[in-house]
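Here's the structure, in structure tokens; my notes come after.
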Amino acid sequence: MTDLPQTPSLFERLGGIFGIAHFLDILGDRLYENDTLNQNPAVLRLHNEKGRPGFKFTLMAWMIQETGGPKVYPGADMRTAHANMTVSDYEYDVVLIELAAVLTNCGVPQQEHKDLITLLEGFRDDIRAGSAASA
Ligand code: HEM
């Protein structure tokens with residue numbers, strides 16, 4: 001899928017669970033409060049039906065697993081999870097821009113920053129797969 005170095009894993013290079021939790025806690029809040037993303041009705045539904053703690057937990061578990069950490073993510077794969085909504089390229093960019101801002105703010109080194117953005121870029125097609133071509 002990607003040609004990221006396997007040893008040590010990105011999970012390890014990001015500081016493991018505690019390193020990832022440090023920046024994801026902040027990212028989760030920024031995404032949850034993002035006025036651009038919150039215009040998407042599917043995102044509003046997520047807020048109303050599932051709430052912030054569950055949103056942050058699933059994102060955290062997903063990232064731990066996808067960066068090469070323990071298999072702790074209990075949710076659906078990205079294509080299935082985003083199948084019944086429209087996610088635009090612009091909205092996807094907004095998530096990556098927020099991530100980049102948080103990574104620099106938290107002092108995550110340049111190589112790990114780059115590798116994480118590359119990893120997430122690899123999920124763009126799956127996450128956008130359920131969207132109309134014009135979205
Ligand atoms: C880097 C990009 C993204 C990642 C890593 C990501 C990750 C996730 C994860 C882990 C879940 C939980 C799935 C489950 O519990 O089964 C989820 C659900 C969701 N995501 Fe994303 N997501 C991304 C981008 C987006 C974008 C751009 C939007 C919309 C603007 C979006 C909207 C949603 C919604 C509405 C749900 C709730 C689905 C439901 O259970 O009803 N996501 N996402």
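Atoms within each ligand, like the ligands themselves, are counted from 1 in listed order.
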Short question: side chain of T104, backbone of A100 - any donor-acceptor pair under 3.5 Å?
yes

Identity and separation of the nearest protein heavy atom to atom 37 (C) of ligand 1:
L46 CD1, 3.5 Å

Examine ligand 1 and decide if any of its atoms is less than 4.0 Å from a heavy atom belonging to K50.
yes

Short version for M85: what comes under 4.0 Å of ligand 1, heavy atoms counted, is side chain

Only N/O/S atoms count here: what is the atom of H82 closest to atom 21 (Fe) of ligand 1 called?
NE2

Atom indices of ligand 1 within 4.0 angstrom of G75 heavy atoms, with elements:
14 (C), 16 (O)

Salt bridge check, E33 against R52: does any charged N sit closer than 4.0 Å to a carboxylate O?
yes

Among the clusters formed by ILVMFWY side chains lying less than 4.5 Å apart, do V72 and L24 turn up in the same one?
yes

Under 6.0 Å from the CD atom of Q110, do we count more than 12 heavy atoms belonging to anything else shown?
no

Check contact between M78 and ligand 1, using heavy atoms of the residue and a distance below 4.0 angstrom.
yes

Of all the atoms in ligand 1, which lie at a distance below 4.0 Å from a heavy atom belonging to V87?
26 (C), 27 (C), 28 (C), 29 (C)

W62 vs F123 aromatic rings, parallel, tilted or perpendicular, using cut-offs 30° and 60°?
perpendicular

For ligand 1, which atoms have a heavy atom of N40 less than 4.0 angstrom away?
29 (C), 30 (C)

Subset of ligand 1 atoms that lie under 4.0 Å from at least one heavy atom of A42
35 (C)

Are any of the side-chain heavy atoms of H113 and F23 separated by less than 4.5 Å?
no

With atom 29 (C) of ligand 1 as the reference point, say which of L27, V43, L99 has the nearest heavy atom.
V43

Under a 4.0 Å threshold between the charged nitrogen and the carboxylate oxygen, would D93 count as salt-bridged to R124?
yes

protein heavy-atom neighbour closest to atom 1 (C) of ligand 1 works out as Y92 OH, 3.5 Å

Taking all non-hydrogen atoms of both residues into account, name the closest pair between F11 and G68 and its distance.
CB-C, 3.8 Å

Could you see if M60 belongs to whatever hydrophobic cluster contains M78? Use Ile, Leu, Val, Met, Phe, Trp, Tyr and a side-chain cutoff under 4.5 Å.
yes

Just to verify, which of V43, L31, D29 counts as forming a side chain to side chain contact (heavy atoms under 4.5 Å, CB included) with F55?
L31

Give the residue and atom name of whichever protein heavy atom lies nearest to atom 3 (C) of ligand 1, and the separation in Å to one decimal.
I127 CD1, 3.4 Å

of all protein heavy atoms, closest to atom 15 (O) of ligand 1 is T58 CG2, 3.8 Å

Check ligand 1 against A81 and write out every atom of the ligand that is under 4.0 Å from a heavy-atom position of the residue.
13 (C), 38 (C)

Which of these, F57, Y73, W62, F55, has its nearest heavy atom closest to atom 12 (C) of ligand 1?
Y73

Quick one: does F123 get within less than 4.0 Å of ligand 1, heavy atoms only?
no

Which of these, A76, G54, A83, S88, has its nearest heavy atom closest to atom 16 (O) of ligand 1?
A76

If you measure only the distance, is there a donor-acceptor pair under 3.5 Å linking the side chains of T118 and D115?
no

Per-atom contacts of ligand 1 with V95, taking only distances under 4.0 Å to non-hydrogen atoms
1 (C), 2 (C), 27 (C)

